[in-house]
S.K.: 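First the structure, then my questions, so here it is.
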Amino acid sequence: MTGSPAAPVRRAGVHLVLRAGPYSVRAGRRTLAVSLALVLAALGLGLLGLCAGGSWTPPAEVLAALAGHGDEVVVVREWRLPRVAAALVFGAALGLAGAVFQNLTRNALGSPDVVGLDAGSYTGALFAITVLGGTSAQLAAGSIAGGLAAAAAVYALSLRSGLSGMRLVVVGIAVNAMLTALNAWIVLRAELEIAMAATGWSAGSLNGIDWNELALPFAVVAALAGLLAVLSPGLRQAALGDDLAVASGVRLNRLRLLLVLAGVGCTATVTAVAGPIVFIALAAPQIGRLLTGAAGVALAPAALAGAVLLLAADLAAQLLLAPVALPVGVVTTVIGGCYLIGLLVRRAR
C-alpha cells in the first residue's frame with residue numbers, strides 16, 4: 001500500500017509506522033459523501049415533518065413561520081419543531097449508543113436494546129414513576145441508574161469474554177428478558193392510573209413533546225457526543241486489536257469505562273424523555289457502515305443514520321393512521337424486527 005506516511009507512534013520500545021493509502025483516502029471521501037447525503041435527507045424529512053400534522057402547511061408558509069412571520073408561527077415553532085428536533089437528536093443519540101456497544105462487543109447484535117440496557121433504563125424509570133413520584137430529574141436519574149445496573153450485570157455474567165464475543169450478546173438477551181418480565185410485574189402492581197401512563201409511555205413516543213422537556217436532554221446528548229468525539233481516536237485504535245491499541249498508547253480499561261458510561265447515558269437520556277425506543281440503536285450503526293463501506297462502525301454515520309431513521313419512523317407514525325398519531329416505538333419495532341430477522345439470516349449463512 002502506498003501513500004504519505006503518518007507520524008510514527010512510540011510506546012514501551014515499540015515503533016509503529018502507520019501509512020494512509022489510496023483505500024483509506026477513498027473510504028474517507030465516501031464517508032464524507034454519505035454523511036452529507038444523510039444530512040440532506042434529515043433536512044428534507046425535517047421540512048416534511050414541519051409541513052405535516054393535523055393539516056398540511058405549505059413549505060413556503062413553514063419557512064415564513066420559522067422566521068417568525070405568518071399565521072402558523074405557533075403551530076410550526078411550538079408544536080411541530082420540538083417533535084422534529086427531538087426525533088433528530090434522540091435518533092442521533094441512539095445511533096451513537098449502538099455504535100459504541102457494537103464497537104466494544106465487535107458484534108452487530110451488541111446494541112443497547114438487545115443486551116438489556118434499554119430494559120434496564122426503563123426499569124429505573126418505572127421505579128422513579130411508581131415509588132418516587134416521577135419528576136423529570138427522578139426519571140433521568142432512575143433511567144441512568146437502571147441502565148448502568150443492567151450494563152454491570154451483563155458484564156459480570158460474561159466476564160470470560162469481557163466486552164466482546166457472542167457470550168455477552170447471549171447473556172444480554174437473557175438479562176433483557178428478565179428485566180422485561182420485571183417491568184411487566186412493576187406495571188401490574190402499580191395503581192391503575194400510573195400503570196396506564198407507564199404502559200403508554202413504554203411504547204416509546206414523541207407525541208405531545210415540547211421545548212420545556214428538551215433543554216436538559218439536548219444538553220446532555222451534546223455533552224456525551226462531545227465526549228465520544230474525543231474518545232473516537234482511541235475507539236478506532238481499539239477496533240484494530242487490544243495489543244495494537246495498548247502499544248499505541250491507548251488506556252483500554254479507562255477508554256472502555258468512559259465509552260460504556262457515554263453509551264448508557266445516551267440510551268437513558270432518550271428513555272427518560274420518550275420511553276424505550278427500540279431497534280434504532282441496533283440498525284443505525286450497521287446501516288451507516290453499509291453505506292460508507294467502512295471496516296468498522298464509525299460514530300458520525302451511525303448518528304446521522306439514527307437521526308434519519310427515527311425521524312422517518314415518527315413521520316410514518318403520524319401519517320399511517322392520521323389523524324391518530326401512533327407511538328413511534330410501534331413503527332421502529334416493526335422495522336427493527338424485520339431488520340433483525342434479515343441480520344440473523346445473513347449471519348447464519
Side-chain angles (χ1 to χ4, degrees), residues 90 93-94 96-105 107 109-165 167-190 194 198-199 201-202 204 216-217 220-221 223-224 227-228 253-282 329:
F90 291 166
L94 293 174
L96 287 172
V100 165
F101 284 101
Q102 288 179 18
N103 273 304
L104 286 174
T105 61
N107 194 308
L109 294 175
S111 73
D113 37 13
V114 173
V115 300
L117 304 190
D118 272 16
S121 295
Y122 182 43
T123 303
L126 279 178
F127 180 81
I129 292 173
T130 56
V131 177
L132 303 179
T135 65
S136 298
Q138 290 168 350
L139 278 174
S143 295
I144 293 173
L148 288 174
V154 172
Y155 180 72
L157 293 171
S158 57
L159 280 177
R160 291 182 182 177
S161 62
L163 279 174
S164 62
R167 178 183 174 89
L168 183 141
V169 174
V170 173
V171 169
I173 292 173
V175 170
N176 186 41
M178 290 187 289
L179 288 173
T180 300
L182 175 61
N183 294 341
W185 180 82
I186 293 174
V187 171
L188 289 172
R189 297 285 295 177
I194 295 177
T199 301
W201 183 67
S202 68
L216 180 59
V220 172
V221 170
L224 293 174
L227 173 62
L228 289 174
N253 291 334
R254 175 176 175 272
L255 173 68
R256 286 170 175 164
L257 176 61
L258 291 175
L259 288 171
V260 168
L261 291 176
V264 171
C266 287
T267 301
T269 300
V270 176
T271 302
V273 180
I277 300 175
V278 296
F279 288 119
I280 297 295
L282 173 68

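Numbers for residues simply follow the sequence, beginning at 1. The figures here come from the full heavy-atom set of this structure, side chains too, leaving out hydrogens, waters and symmetry mates. In this text, all values refer to a predicted model and were calculated from it rather than measured experimentally.
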S.K.: Can you tell which of Leu104, Thr105, Asn103 makes a side-chain contact (heavy atoms from CB on, under 4.5 Å) with Asn107?
M.R.: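 The side-chain contact (heavy atoms from CB on, under 4.5 Å) with Asn107 is passed solely by Thr105 among Leu104, Thr105, Asn103.
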S.K.: Just by modelled atom types, is the Phe279 backbone N or O under 3.5 Å from a matching donor or acceptor in the Asp113 side chain?
M.R.: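 Confirmed, Asp113 side chain pairs with Phe279 backbone.
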S.K.: When rounded to the nearest 0.5 angstrom, what is the spacing between CG in Leu261 and CZ in Arg256?
M.R.: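 That separation rounds to 14.5 Å.
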S.K.: Please list, one pair per line, the donor and acceptor atoms closer than 3.5 Å that link side chains of residues 168-180 to other protein atoms, with sequence neighbours excluded.
M.R.:
from   : atom 1 : to     : atom 2 : distance (Å)
Thr180 : OG1    : Asn176 : O      : 2.7

S.K.: Output the distance between atom CG (Leu188) and atom CG (Asn183), rounded to the nearest 0.5 Å.
M.R.: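 So the gap between those two atoms works out to 11.0 Å.
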S.K.: Is the shortest side-chain heavy-atom distance between Leu224 and Leu96 below 4.5 Å?
M.R.: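 Not in contact.
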S.K.: Ignoring hydrogens and angles, write down the donor-acceptor pairs under 3.5 Å from the side chains of residues 263-271, residues two or more places apart or on other chains.
M.R.:
from   : atom 1 : to     : atom 2 : distance (Å)
Thr267 : OG1    : Gly263 : O      : 3.1
Thr269 : OG1    : Gly265 : O      : 2.6
Thr271 : OG1    : Thr267 : O      : 2.9

S.K.: Looking at every heavy atom in both Gly204 and Ile277, which two are closest together, and how far apart are they?
M.R.: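 The pair with the smallest heavy-atom distance is CA-CG1, 4.0 Å.
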S.K.: Distance check, rounded to the nearest 0.5 Å: Ile144 atom CD1 versus Leu139 atom CG?
M.R.: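 So the CD1 of Ile144 and the CG of Leu139 are separated by 11.0 Å.
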S.K.: Enter the distance from Ile280:CD1 to Ser111:OG here, rounded to the nearest 0.5 Å.
M.R.: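 Taking CD1 in Ile280 and OG in Ser111, the distance rounds to 10.5 Å.
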S.K.: Give the minimum heavy-atom separation between Ala150 and Gly116, together with the two atoms involved.
M.R.: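 Shortest heavy-atom contact: CB-O, 3.6 Å.
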S.K.: Who passes side-chain contact (heavy atoms from CB on, under 4.5 Å) against Ala198, sequence neighbours left out?
M.R.: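 If we apply the side-chain contact (heavy atoms from CB on, under 4.5 Å) test to Ala198, skipping adjacent residues, the hits are Tyr122, Leu126, Val187.
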S.K.: Please give me the minimum heavy-atom distance between Val273 and Pro217, naming the atom from each residue.
M.R.: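 Taking every non-hydrogen atom into account, CG2-CG, 3.4 Å.
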S.K.: Output, in order, the C-alpha distance, side-chain angles, deciding distance and verdict of side chain to side chain contact (heavy atoms under 4.5 Å, CB included) for Leu228 and Leu258.
M.R.: CA-CA 9 Å; Leu228 289 174; Leu258 291 175; over 6 Å; no
S.K.: Take Phe127 and Leu132 through the test side chain to side chain contact (heavy atoms under 4.5 Å, CB included) and record every step on the way to the result.
M.R.: CA-CA 7 Å; Phe127 180 81; Leu132 303 179; 4.1 Å; yes
S.K.: If you measure from OG on Ser202 to CD1 on Ile129, what distance do you get to the nearest 0.5 Å?
M.R.: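 Spacing of OG (Ser202) from CD1 (Ile129) equals 9.5 Å.
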S.K.: Do Tyr155 and Val260 make a side-chain contact, defined as non-hydrogen atoms from C-beta onward lying under 4.5 Å apart?
M.R.: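 Side-chain contact under 4.5 Å: no.
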S.K.: Do you know the tightest heavy-atom contact between Gln102 and Ala281?
M.R.: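 Shortest heavy-atom contact: NE2-O, 3.6 Å.
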